[in-house]
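As structure tokens, the structure follows; a few thoughts come after it.
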Amino acid sequence: MAQTLRDFLKKVEKLPPDTLLCVAEVDEAFATHVEEFEIVENAKPQNRRTESLEAVELGNGNQTVVVIRW
């Protein structure tokens, strides 16, 4: 079942607008719908460049990010 924008906005409505938004694959297949998303409060940015494959470590940090798994 696909997530709606309403579902997404309800979960992130209280986060500051500068919160980092990330995308992570569930597996290596084509995808059109978001499988799930989560708010990770102890993430550690590795690289802010958009072409980086591993831009955020999902632990060991102090920054909040939203991770979208597709």
Side-chain angles (χ1 to χ4, degrees):
M1 181 179 201
Q3 297 281 333
T4 66
L5 183 56
R6 175 175 283 120
D7 297 335
F8 176 77
L9 291 175
K10 277 187 171 184
K11 289 208 173 188
V12 300
E13 67 185 350
K14 294 180 182 176
L15 294 177
D18 292 329
T19 300
L20 190 60
L21 181 63
C22 304
V23 178
E25 291 183 24
V26 172
D27 74 63
E28 296 181 15
F30 291 102
T32 57
H33 300 292
V34 171
E35 181 69 27
E36 63 178 297
F37 60 89
E38 63 182 301
I39 298 167
V40 178
E41 295 181 0
N42 61 340
K44 181 179 178 184
Q46 299 294 307
N47 191 334
R48 289 196 174 267
R49 294 188 335 232
T50 57
E51 71 273 5
S52 175
L53 293 176
E54 294 183 359
V56 177
E57 181 180 348
L58 301 179
N60 301 318
N62 61 3
Q63 184 166 344
T64 299
V65 298
V66 175
V67 179
I68 297 174
R69 300 191 187 277
W70 58 285

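Note that the numbering runs from 1 along the sequence shown for the chain. Computed from a predicted structure; not experimentally measured.
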Those residues that, when tested against E38, pass salt bridge (charged side-chain N to carboxylate O under 4.0 Å, His left out) (two or more places apart):
R69
List the atom of L20, the atom of Q63, and the distance in Å for their closest heavy-atom pair.
CB-NE2, 3.9 Å
What residues form a side chain to side chain donor-acceptor pair (under 3.5 Å) with N60, not counting sequence neighbours?
E57
Straight-line distance of E41 CD to N62 CG, nearest 0.5 Å:
11.5 Å
Give the minimum heavy-atom separation between F8 and F37, together with the two atoms involved.
CA-CZ, 3.3 Å
Looking only at heavy atoms, what is the nearest atom pair of V67 and V40, with distance?
CG2-CG2, 3.9 Å
For a quick test of reading the model, state the closest non-hydrogen atom pair linking K10 to E13 and the distance between them.
O-CG, 3.6 Å
In the structure I gave you, are the side-chain heavy atoms of V66 and L15 within less than 4.5 Å of one another anywhere?
yes
